[in-house]
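Residues take their numbers from the sequence shown, with the count starting at 1. This one's a predicted model, so the numbers in the text were calculated from it and none came from an experiment.
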Amino acid sequence: MGHGTPDNMNWAGLLQNLLVAVHLRQILCDSVWFSIPEEQEPGILAGSLSKHFPPPYQLLTQEYLWMDKNTGNFYTTEQKMDREALCPEETGAEECIILHNAIVGPSGDLIQFPVIIEDINDNAPHFENSEIHLKVSEDVTVGTSFLLDDQAQDRDAGHNGKLRYHLEDSDGVFRIKVEKDGPVIMLVVQTALDRETRDLYHMALVATDRGSDPLSATATLIVTVTDVNDNCPSFTSDSARYVTIPGDSRKNMLVAQVRATDPDSGPNAAIVYSLSPKVSKRAKKLFSLDSLTGHIRLTQDLQSDNSEDLLLKVLATGHHCPPADTQVTVSVLPKANQELTIKIGFIAEHQNQTMVLPENQPPTVLAILELEGDSSFKDTSLAIESEVPFTLSPQNGKYLLSTSKPLDYEMKSEHHISVVAHARSAEGTVIAPSRRVMRVMVSDVNDNAPHFLQPHYQLEVEENNQPGKPLLQVSALDADSGSNGRVTYRLDKHTSTVFNIDPVTGQLSVSASLDREQQDIHKLTVFARDSGSPPLESVATVSIRVVDQNDNAPVFLTPHFLFFIPESVPPFAQVGGLGVTDPDEGKNGNTELHLVNSSGPFVVDNTQGTLRTTTDLDRETQDRYELYLLATDHGYPVSLTSTARVTIFVEDINDNQPKVILPSSNSSCLTVSPETSEGTMVTKIYAIDEDSGLNSEITYTVVAPEPVQNSSPFRVDSRSGNITVAQQLLQRDLRMHHLFIVVRDGGKPAPLYTTVWVNLWVNESTEPCHLDRAPTWTGTPDLFQTPSKAPICEVEDTRSAQLILLVGLGMMLASICLLVVTAVLYLKQRRISPQQNKRVENAENEIPLRLMDKYYSDD
């Protein structure tokens, strides 16, 4: 037995699997599938199984969808479906399919159906690198294409993921070509390139997808034009052509500098200077030429008493280029035997032979210059060398040195004026020039206000910052010097006291925590003032944007919402608005409402911010609901929540007609003795209405024509339903009275009603009352609509007609035997029936104990 157990267990497992396979029928067919766009909000209807399978329904996987077990409709959940996350390998494919399992039908069949997640254009193209660099030679032919390896990527599928490219700011020099066979991007040269004209192109490569609302991305395409040796050297216009040197010049003196340029770059622009082979031997002996700088220097000291002109032909040679040439004439003057002296008489303020002049002064005389020397000198003159803002004016054999324009300390604080005196001897020989350099210092005045590096500063600061947090450092420069250029900072006097600035460094800080909900933008005015006399100042503005933090929980407009709704509203009717606010901004202030621990027939509509019903309401089943709301924001890193209580009162509508409890049937009958005195209650009508308020207030009226009503010996109290003897019963009242009672409620706009027959037999005997069948209404229906009328209804007495017929037959037969038999039978029946009829009569008019407790009051 023990050895056979494993085999038995295997057989049992196979049998179990077979039974499960037979019971759980898995269905996967092309006819049952659904599709829904990705990123849908919660509660969106995605499809329904009701057209394909019978109820009930149960979805086994409810991560992204949930299913109504009765209707088979399934909706999106709080967790949104991201197609690119669910199908990362198929994002380029046409379909992303998620299989779902559900149990359907009374027999609990297991089915599987696919849901296709449709792509939406929720991903913009993306370049891996924000800058794309490409080098192109300037001699490339027009029409040449260059492959761009950096292509944009788009995670969407279909048209949403297909990209097209175009160039911006290319000035028509380049264009983009996309190969049709594959995603290959080519940059095509459209015009000839010249590096010497433009060596760098900054363009915007824009990739745009083909979605209905297209998204795009931009990368900077930088094309560097590389050089080719397509230019040769040439001498510039400022290259030396003619120079003069004294006859006693010293060795290594810089005579002149030749200058040539080549528009090419790098090695292609290298220039080598050399003297032409045709230069004279004397010139080669006296001068040397630096092959790289073009400097021409003396190779020895000069001791020349005669004038001499030397011609130098200089060559400039580039790579693979014929040499360019220029000619430099050097005039050697004979050395002077006598010298001129320049005498200075200062007029302006001076210290240690240095003249001092405040800036911004109009043209001012600084000094008087006078030449002293041999009286035989002829053609004496005095001139200023180089371009300086000074002039010499001859006046009575002397020269006035003046400024030619106001001097600016910030442009140049020190000037050197070189004056040269020229003369000839009596023999006509040239006297060596005499030079003197004068120094002029410009003193500063406070003529420049501080200048901020930028006139407007912008920054962002997270709220709830630490007190004392440094914000930014402003900086202003003053071109003046000394105290005139010393800058201090201050804030506008109307600035909030929580902001401070260091007067020396310009460091701006905040001494308290900022609250975005109180103020989200702070605009500060910063003054920079120098220390001059009078001081000058300038202004800059600082805009501080306080960045939100999730520091406020959602706030309900009231902690307890009260709603009243009629029970007749259809499903998904609006119950009321759920006011909730969150003073935070962005996602921190976006709130979402949920019902907590509630199984009631209500749902929150977050799109409208309202509470709605999900099914029909019935006040008679439940007239009040207590719910709790949870409001959650989408803040980061932690969501904040708050709760509120909701009480919903279901208001009654008149949807229930009165229900008569007593009498129990329209054929019930009650015997009334003619001795009953006026005002005696003989019976009572009991009715209930399941509605509330006016809808449940019941009135009782007798329906009959007016004459019949006035002749009735019975009255019905419209409120209590008590039936009393209205007057002393007379001989004519000895008969059957049928009261047709309309039982109405007080509903608006139209009351509901029901009817009942109350049958009263006024008889001297104690013989029980019995009806073979219920009376029938012979009046018109319009009497039902007038509740004020309370007549008695006279109907055909079927029992009296039968008695009359029997008496007639008896009289016609005139049979004594039949009379005797009839008398005997009558007496026998009379002995048996009173007890039974009495019990029936009491039972019909007696209120059951439980109803008596419910409907009787103390009065």
Side-chain angles (χ1 to χ4, degrees), residues 133-147 169-175 187-203 221-245 249 252-299 308-332 386-387:
H133 293 268
L134 183 67
K135 292 184 177 181
V136 178
S137 176
E138 65 175 324
D139 62 347
V140 67
T141 58
V142 175
T144 303
S145 300
F146 295 89
L147 176 65
D169 305 324
S170 66
D171 299 331
V173 180
F174 300 95
R175 67 178 177 87
L187 180 68
V188 182
V189 180
Q190 295 194 120
T191 61
L193 303 178
D194 184 5
R195 190 205 63 82
E196 289 72 37
T197 303
R198 185 173 178 181
D199 61 350
L200 196 65
Y201 291 86
H202 280 82
M203 298 168 285
L221 177 59
I222 302 175
V223 176
T224 303
V225 182
T226 59
D227 184 54
V228 297
N229 193 21
D230 56 348
N231 292 280
C232 289
S234 63
F235 283 95
T236 62
S237 60
D238 62 346
S239 181
R241 297 287 193 278
Y242 182 86
V243 293
T244 300
I245 62 174
S249 300
N252 291 328
M253 171 187 171
L254 179 62
V255 177
Q257 181 182 13
V258 292
R259 179 177 167 83
T261 59
D262 189 326
D264 293 326
S265 63
N268 295 328
I271 299 175
V272 177
Y273 300 96
S274 63
L275 294 175
S276 171
K278 296 181 180 181
V279 174
S280 66
K281 291 183 178 179
R282 176 167 172 74
K284 290 182 178 179
K285 181 180 179 181
L286 289 177
F287 303 103
S288 65
L289 174 64
D290 191 305
S291 62
L292 298 179
T293 64
H295 288 165
I296 301 175
R297 295 182 180 275
L298 280 173
T299 59
E308 183 180 11
D309 290 333
L310 298 172
L311 187 63
L312 299 177
K313 187 175 184 179
V314 181
L315 304 179
T317 306
H319 189 60
H320 298 301
C321 283
D325 62 81
T326 187
Q327 189 169 283
V328 180
T329 300
V330 181
S331 294
V332 181
S386 71
E387 292 289 333

S137 and V228: which non-hydrogen atoms are nearest, and at how many Å?
OG-CG1, 3.4 Å
Kindly say whether P263 contributes a backbone atom to a donor-acceptor pair with the side chain of R195 at under 3.5 angstrom?
yes
Tell me, with the steps shown, if R198 and D171 meet salt bridge (Lys or Arg N to Asp or Glu O under 4.0 Å).
CA-CA 12 Å; R198 185 173 178 181; D171 299 331; 3.1 Å; yes
Would you say the side-chain atoms of D264 pair up with the backbone N or O of N231, donor to acceptor, closer than 3.5 Å?
yes
Once you measure the plane-to-plane angle for Y273 and F235, does it fall in the parallel (<30°), tilted (30-60°) or perpendicular (>60°) bin?
tilted
Donor-acceptor pair, Q190 side chain versus G172 backbone, under 3.5 Å?
yes
Can you find a pair of side-chain heavy atoms, one from T224 and one from D199, that are under 4.5 Å apart?
no
I245 vs M253, side-chain contact (heavy atoms from CB on, under 4.5 Å): CA-CA, chis, key distance, verdict:
CA-CA 10 Å; I245 62 174; M253 171 187 171; 3.9 Å; yes
May I ask you to test the L221-L187 pair for a side-chain heavy-atom distance under 4.5 Å?
yes
Let me see the working for D309 and T329 under side-chain hydrogen bond (donor to acceptor under 3.5 Å, both in side chains), right down to the final yes or no.
CA-CA 7 Å; D309 290 333; T329 300; over 6 Å; no
Student check: side-chain heavy atoms of V225 and L200 closer than 4.5 Å:
no
Using the side-chain contact (heavy atoms from CB on, under 4.5 Å) rule, take V258 and I296 through it: C-alpha gap first, then chi angles, then the decisive distance, then the call.
CA-CA 8 Å; V258 292; I296 301 175; 4.2 Å; yes
Work out which heavy atom in V142 is nearest to a heavy atom in A192; give both atom names and the distance.
CG2-N, 3.6 Å
How long is the straight-line distance from CG of N268 back to CD of E196, given to the nearest 0.5 Å?
9.0 Å
Determine whether Y201 and V173 satisfy the following criterion, side-chain contact (heavy atoms from CB on, under 4.5 Å), listing intermediate values before the conclusion.
CA-CA 9 Å; Y201 291 86; V173 180; 3.9 Å; yes
From L289 CG over to T299 OG1, what is the distance, rounded to the nearest 0.5 angstrom?
12.5 Å
Side-chain contact test, heavy atoms from C-beta onward, threshold under 4.5 Å: evaluate it for L193 versus V136 and give yes or no.
yes
Under a 4.5 Å cut-off applied to non-hydrogen side-chain atoms, are F146 and V189 in contact?
yes
Determine, stepwise, if the pair H320 / N229 fulfils side-chain contact (heavy atoms from CB on, under 4.5 Å).
CA-CA 8 Å; H320 298 301; N229 193 21; 4.2 Å; yes
Give a yes or no answer on whether the side chain of Q327 reaches the backbone of L312 with a donor-acceptor pair at less than 3.5 Å.
no
Going from CE on M203 to CD1 on I222, what distance comes out if it is rounded to the nearest 0.5 angstrom?
9.5 Å
From D194 CG over to D230 CG, what is the distance, rounded to the nearest 0.5 angstrom?
6.5 Å
Shortest non-hydrogen contact from A324 toward S234
CB-CA, 4.3 Å
Side-chain heavy atoms of L311 within contact of V279, under 4.5 Å
no
Side-chain touch L315/L275, heavy atoms, less than 4.5 angstrom:
no
Taking the side chain as every heavy atom from C-beta outward, state whether R297 and V255 have any atom pair closer than 4.5 Å.
no
Kindly compute the distance separating CG (L298) from OG (S288), expressed to the nearest 0.5 Å.
8.0 Å
Would you say CZ of R259 has more than 12 non-hydrogen atoms from neighbouring residues, nucleotides or ligands within 6.0 angstrom?
no
Checking S280 side chain against A283 main chain: does a donor-acceptor pair fall under 3.5 Å?
yes
Strictly distance-based, threshold 3.5 Å: is any side-chain N or O of T144 a donor or acceptor partner for the main-chain N or O of T141?
yes
Heavy-atom pair of closest approach, residues S239 and Q257:
OG-O, 4.2 Å
How many angstroms lie between OG in S170 and NE2 in H202, if you round to the nearest 0.5 Å?
14.5 Å
